[in-house]
Each structure stands twice: as structure tokens, then as C-alpha cells.
Amino acid sequence: MKIWLKLAAGLAALAALAALPEDAFAADAAHPVVVELFQSQGCSSCPPALANVMAVSGRPDVVALVFAVDYWDRLGWKDTFSKPEWTARQESYARSLKSDGVYTPEVVVNGRAEGTGLDASGLEDLIRRGDRGAAGPQLGFSGGAVTVGPGAAPAGGAEVWLARYDPRVIEVAVKRGENAGRTLKHRNVVREMVLLGRWEGGAASYPIPAGGDPVLAEAAIVQTAGAGPVIAAAKR
């Protein structure tokens, strides 16, 4: 779905990024990069991107989140993790990034850059292209709350999100559709996205709702309202 057009459009940008020095990018454990993959078990082009995102998911400088969209569900196989909310999130990125529309696989980095993630080197270049630097408020978890330090907020304010995702490797046997007969491995599948509140620049604390599955890991994201650029992230 628009994959080759996207690859061709990004070649020049990726070549330029390859020439940049490693220290031009500031992602580290204190300023992790948010890598969001939108994919489906029904899409035969998605497994390579899923494998590439899984390969970086354990890095301390990466918050990797896998969203299963639902628009493939009517094409032979219903994804076992799909939700309409994840499709809506991808559509919000399409508007924010002024993309032609949604497609799979799509990787969005820090709400700033998007591509297919179909090869490992291309994913690394995409991570560099979406780098947000070391700016942004201090963000962390304290007890039962997400804490955000003071800083410069975007003009329209920002949203504070809690992502709950499964860090385990989950194997799914696909019986129909484009991937019929294949067993697909998944990791960091998002099960819940909770909007904790808005951030306007001051120090703030946001209580984490009770009742989360203890198996799930959590990540906090401060993001410009309207699926805009990510300005802070943390995971635990």
C-alpha cells in the first residue's frame, strides 16, 4: 500500500542523513526516541518492519510501540490485536505529517518523521531523522504518577499519554489472508493508550489509573496536541 512510492520519495533524505555524524543525535536512556509501528497481521509486507522494530525494542534509548490497525481486518484475517483507536492514531499522524494517507507498514518516529521500516539501516536513518535532541521537560515515573518538569510548552499545549504494552514475544499463527500459514512474532504490542491530561509548561503530576495488567510495561509520552511532535518520553 503505497510502499514503493514512499521508499522512492525518501531515498534522497536517507542518503543525506547517512552523512551526518553519530553525535548529531541526542537519543539516550534519559531522552528515548519513540518508534511507533502501524502494521497488521493481514499485511504481507509488514513482517520485515515488525522484525526490525522488535530488534531495537530492547534498547534503553528507544520506546518501541506496535499498533495493529483494523483496516486490514476485512481482507481475510482479523488481526488479534487490532483496534479502531490505533487506526485513528495513524490517521492523526497522516494529518499532522501531511502524508498522502495511511499505509502499512508505517513507522512514525517522535511524531516527526515517517517511513516503512522495511530494512534495518533504513529504520536507523529514520530514527536519526526524527531525533528531537535533548530538549524538553524532565519526564519520569514517581510512585503511582507520571511527573513532568517545567519547560517550554508548544503554542497549543501538549498531551500527556500513558502507553501500556506487552514486552513479551508473542507468536500468532495466521490462518487466512496474505500471511496465511505463517507464524508471526510480535513484541511491544500496545494494549492501551491513556490520555492522562494536558501539559502547559509548568511542573505537573498525573496519577496513573489503577487496574492495569501487571504483565504490561508502561511508557509516558508528552506530545504536542493533535499527534504532533513528541517532546519527552520515558519508560519503565
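Note that the CE atom of Met193 and the OH atom of Tyr165 stand 11.5 Å from one another [nearest 0.5 Å]. Interatomic distance, OG1 of Thr104 versus OH of Tyr71, reported as 5.0 Å (0.5 Å rounding). Going from atom CD of Glu218 over to atom CD1 of Ile208 covers 5.0 Å, rounded to the nearest 0.5 Å. Rounded to the nearest 0.5 angstrom, Asp125 CG and Asp119 CG are separated by 8.5 Å.
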request  = Could you walk me through whether Glu124 and Arg59 pass the salt bridge (charged side-chain N to carboxylate O under 4.0 Å, His left out) test, one step at a time?
outcome  = CA-CA 12 Å; Glu124 288 294 339; Arg59 285 171 35 178; 2.8 Å; yes
key: Criterion salt bridge (charged side-chain N to carboxylate O under 4.0 Å, His left out) on Arg128 and Asp131, from CA distance to verdict   = CA-CA 5 Å; Arg128 291 187 179 97; Asp131 181 74; over 6 Å; no
message = Would Leu65 and Leu37 count as a side chain to side chain contact (heavy atoms under 4.5 Å, CB included) here? Give the steps.
response = CA-CA 6 Å; Leu65 302 173; Leu37 170 64; over 6 Å; no
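Taking a cutoff of 4.0 Å between a charged side-chain nitrogen and a carboxylate oxygen, Arg198 and Glu200 qualify as a salt bridge.
Side-chain contact between Gln39 and Val69: absent, with no pair of heavy atoms (C-beta onward) separated by less than 4.5 Å. Within the 4.5 Å cutoff, the side chain of Leu75 has no heavy atoms near those of the Arg176 side chain. Using a 4.5 Å heavy-atom threshold, the side chains of Trp77 and Gln41 count as touching. Side-chain contact between Trp161 and Gln223 is present, with at least one heavy-atom pair separated by less than 4.5 Å. With a 4.5 Å cut-off on side-chain heavy atoms, Thr87 and Phe67 do not count as touching. Considering only heavy atoms from C-beta on, Arg182 comes within 4.5 Å of Pro47 through its side chain. Between Val222 and Val148 the shortest side-chain heavy-atom distance falls below 4.5 Å. Residues Leu139 and Thr147 form no side-chain contact, since every pair of their non-hydrogen atoms from C-beta on lies 4.5 Å or further apart.
Side-chain N or O atoms of Arg132 include one that pairs as donor or acceptor with a backbone N or O of Ile231 at under 3.5 Å. Asn110 contributes a side-chain N or O that, together with a main-chain N or O of Val34, makes up a donor-acceptor pair within less than 3.5 Å. Checking side-chain atoms of Gln90 against main-chain N and O of Tyr103 turns up a donor-acceptor pair under 3.5 Å. In terms of modelled atom types and a separation under 3.5 Å, the side chain of Ser44 and the main chain of Asn179 share no donor-acceptor contact. Distance alone, capped at 3.5 Å, places no donor-acceptor pair between the His31 side chain and the Ala29 backbone. A donor-acceptor pair is defined here as one N or O able to donate and one able to accept, closer than 3.5 Å; no such pair exists between the side chain of Lys235 and the backbone of Asp61. Looking only at distances, a side-chain donor or acceptor of Arg187 sits under 3.5 Å from a matching main-chain atom of Pro167.
Residues Arg89 and Ser92 have side chains that never bring a donor and an acceptor to within less than 3.5 angstrom of each other. For Glu36 and Tyr93, the side-chain atoms include at least one donor-acceptor pair closer than 3.5 Å. Using modelled atom types, one finds a donor on one side chain and an acceptor on the other under 3.5 Å when comparing Asp73 with Ser82.
The minimum heavy-atom distance between Ala227 and Ser96, with the atom names listed, is O-OG, 3.0 Å. Nearest heavy-atom pair, Leu196 versus Pro207, reported as atom, atom and distance to 0.1 Å: CD2-O, 3.8 Å. Minimum heavy-atom separation, Trp72 to Ser40: CB-OG, 3.2 Å.
Applying the salt bridge (Lys or Arg N to Asp or Glu O under 4.0 Å) rule to Arg112 yields no partners; only residues at least two apart in sequence or on another chain are considered.
In Gln138, the CD atom is not crowded: 12 or fewer heavy atoms of neighbouring residues, nucleotides or ligands sit closer than 6.0 Å.
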